[in-house]
There are 2 protein chains.
Amino acid sequence: MTGKTRKGTRLALSGSTAFSQLRPETRDALEAMCRAKSYRAGQTVIHAQEHSGFIGCVLSGILRMQKTLADGREHIVGLLVEGDTFGRVFDGAAEFTIEAATDAEFCAFPRTKFEALMTRAPDLERAILLNITNELDRAREWLIILSNQKIAGRISGFLLLLCSRFRDIDHILQPSPEGIEVKIPINRADLAHLLGTRPESISRSLHSLRDQGVIDILEPDRILIRDTKALALAADVDEIEAISTLQDLLKNHRPEH
Amino acid sequence: MTGKTRKGTRLALSGSTAFSQLRPETRDALEAMCRAKSYRAGQTVIHAQEHSGFIGCVLSGILRMQKTLADGREHIVGLLVEGDTFGRVFDGAAEFTIEAATDAEFCAFPRTKFEALMTRAPDLERAILLNITNELDRAREWLIILSNQKIAGRISGFLLLLCSRFRDIDHILQPSPEGIEVKIPINRADLAHLLGTRPESISRSLHSLRDQGVIDILEPDRILIRDTKALALAADVDEIEAISTLQDLLKNHRPEH
DNA sequence: GGTCGGCATTGATAGGTATCAATGACCTTC
DNA sequence: GAAGGTCATTGATACCTATCAATGCCGACC
């Protein structure tokens, strides 16, 4: 069991965008202090306003970062997938609750030890800095997507974001001759919370996009993107960069590794 | 002129949340490398997709961070006020354009020198890390505000955010016996871009809030918050934390220093 | 096999917002 | 003082979405 944990962790740390550039010594130190954890869908990993005792790095599954509003509704501010890190370093309590959207595993680094290592290993501190910088850009891209008045536009933006962000995760994205197949990793209610709307509207907009021939709905959570250009147009986003991402995906059309 | 620049910079660096905790040597090094710049309203400071040559720290005025969409519309992802920093360190090109929303001054640190100092001075690197962590939280708070379906709710959230974030900047916030007076630092069009809507809707929602007695519109850009509780309710936000911020403001009701 | 519960979908309706168009207030400029 | 421009506001209308309600689908569980 320990062996299994170690192996999974090593894979995760080298695969993670945050930790891929670390010096071997630093990575060894990280592996030595980490402990694998697994949660079932719906469980809470970190409560908002609580000083979490660890920094986490997702190994598998999806975590959602969210805030519960005064009226009980929840809004999701981000999803965490394999390779993503979470938890605050050198700073106060978490602002958002983190819950498992699906069954999920992650490795946890004790906060105190992690911070001590950061102070000792400049490459780790630099890696964290770069990681947060990217997170910030992603959060701001979300702002753009959420600012789209029409729900179909937000969904399009979401699908495009999945394509650009999860392009190497083949259980989410799967290029095919007919287009790009996207596995939506969360249910309609979560998707609605993420896009600032309601499940009914998600459903209607998705089917509207299908009727226009932009996408196909293979299953409720499996979408086939047919017309990349129309999708980018609906998303009202920088067309050129979105399409180039999608074209890349279609070209790299690897059968399987 | 040099003297004036130095003085302004020193004030800014100690007042800035990002740099307030630095060691004196580090701050001196920063001051030595910085150069004051000023822009007029509407001018572009950094173009999106460009490697900016400097890191900036706002001294006065308002900068807006934005992205131009395919159809020519612009969406604002954040505002920068005095003490805020901008520009990317150790990473690629900027994702967003930065423009002066009002006449503005900031001090610029040459990127290469700044990065060299960061590598040399761990306290600076740590300060930047904490700064970006806070930026990230703020961006995610924006996500919550933008997820509000009703425009009046978004405006309420925006006003509350101004109160919590700019509580020490007295040319923006001014507590009074009747409530809190807020100076909105941007015009209706920018506010609409920020909140993902249109100027007409901003106007209507603002006047609707006035008719309900929640706020007063002293001038188009001067809002008096009368009923803090109703505002928090409209914003659909964590009532307790929002109200406590506002109560604090009303208590500290300093006449002027 | 049958029942229950979660989830996606569909329908009907009321309410809110985008959009187009026009007006008015204020400031700058000549 | 007149003219032009920017900006906030107001009005009318079509469109879109939230909401409530109901149906159908599917897997879990007994």
Side-chain angles (χ1 to χ4, degrees), chain A residues 40-42 62 64 69 71-75 101-103 145-156 158 182-212 215-223 234-236, chain B residues 40-42 62 64 69 71-75 101-103 145-157 182-212 215-223 234-236:
Chain A
R40 304 202 68 82
I62 308 276
R64 55 175 187 238
L69 303 182
D71 62 355
R73 287 196 295 196
E74 293 185 340
H75 188 252
T102 66
D103 289 353
I145 291 176
L146 271 186
S147 77
N148 207 316
Q149 300 93 337
K150 297 204 189 92
I151 303 298
R154 292 187 214 170
I155 293 177
S156 304
F158 171 71
V182 180
K183 168 95 169 65
I184 297 180
I186 52 177
N187 62 25
R188 291 283 184 276
D190 277 351
L191 193 51
H193 289 145
L194 193 58
L195 298 178
T197 180
R198 301 267 145 190
E200 298 95 324
S201 297
I202 297 277
S203 185
R204 277 187 252 268
S205 299
L206 227 32
H207 286 258
S208 161
L209 285 171
R210 182 198 55 186
D211 295 344
Q212 296 166 37
I215 63 172
D216 251 11
I217 306 175
L218 308 179
E219 287 177 41
D221 62 344
R222 289 201 308 141
I223 304 295
D236 202 15
Chain B
R40 304 201 67 83
I62 309 275
R64 55 178 186 236
L69 303 181
D71 63 354
R73 286 197 294 196
E74 292 185 342
H75 188 253
T102 64
D103 290 353
I145 291 177
L146 270 186
S147 76
N148 207 316
Q149 300 93 336
K150 299 204 188 94
I151 303 299
R154 293 187 214 168
I155 293 177
S156 304
V182 180
K183 167 98 170 63
I184 297 181
I186 53 177
N187 63 24
R188 290 283 185 276
D190 277 351
L191 193 50
H193 289 146
L194 193 59
L195 298 179
T197 181
R198 302 266 144 192
E200 298 95 326
S201 297
I202 297 278
S203 184
R204 276 187 254 267
S205 299
L206 229 31
H207 285 258
S208 160
L209 284 172
R210 181 198 58 187
D211 296 344
Q212 295 166 38
I215 62 171
D216 251 12
I217 306 175
L218 308 178
E219 287 178 39
D221 62 344
R222 289 202 309 144
I223 304 296
D236 203 13

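Since the model is a prediction, treat every value here as computed from it, not as a measurement. In the text below, chain A, chain B and the rest are named by the order of the sequence lines, each starting its count at 1.
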Original post:
If you check the A:P220 side chain, which of D:dT19, C:dA8, C:dA18 turns out closest?
Top reply: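 So the nucleotide nearest the side chain must be C:dA8.
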Original post:
From D:dT9, C:dT10, C:dT17, pick the nucleotide closest to the side chain of A:E200?
Top reply: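 Shortest atom-to-atom distance from the side chain points to C:dT10.
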Reckon [X] has a side-chain N or O less than 4.0 Å from the OP1 or OP2 of [N]?
X	N	result
A:T197	D:dA18	yes
A:S201	D:dA18	yes
A:R204	D:dT17	no
B:R198	C:dT17	no

Subject >> Sub-4.5 Å side-chain heavy-atom contact between B:D190 and B:R64 >> reply: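 Side-chain contact under 4.5 Å: yes.
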Subject >> Side-chain touch A:I223/A:D216, heavy atoms, less than 4.5 angstrom >> reply: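 SC-SC contact between A:I223 and A:D216 ruled out.
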Distance in angstrom units between [X] [atom1] and [N] [atom2], rounded:
X	N	atom1	atom2	answer
A:L146	D:dT17	CG	P	14 Å
A:R222	C:dC7	CZ	C1'	17 Å
B:E219	C:dC26	CD	C1'	11 Å
A:L218	D:dC25	CG	P	19 Å
A:K150	D:dC15	NZ	C1'	9 Å
A:N148	D:dC15	CG	P	19 Å
A:D221	C:dT9	CG	C1'	15 Å
A:N187	C:dC7	CG	P	6 Å

**OP:** Please tell me which of B:A152 and A:I202 maps to the more 5' nucleotide of DNA chain C, matching each residue to the nucleotide holding its nearest heavy atom.
**Re:**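 Going by which nucleotide is closer to the 5' end, it is A:I202.
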Subject >> A:Q149 vs A:P199, nearer the 5' end of DNA chain C by closest nucleotide >> reply: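 In this pair, the answer is A:P199.
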Subject >> Option from B:R204, B:Q212, B:R210 for which side-chain hydrogen bond (donor to acceptor under 3.5 Å, both in side chains) with B:S208 holds >> reply: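 Between B:S208 and the candidates, side-chain hydrogen bond (donor to acceptor under 3.5 Å, both in side chains) is satisfied uniquely by B:Q212.
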Original post:
For the side chain of B:D103 and the backbone of B:R40, is there at least one donor-acceptor N/O pair under 3.5 Å apart?
Top reply: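 The answer is no, because no donor-acceptor pair under 3.5 Å joins these two groups.
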Original post:
Counting only heavy atoms not in A:K150, do more than 12 fall under 6.0 Å of its NZ?
Top reply: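 No.
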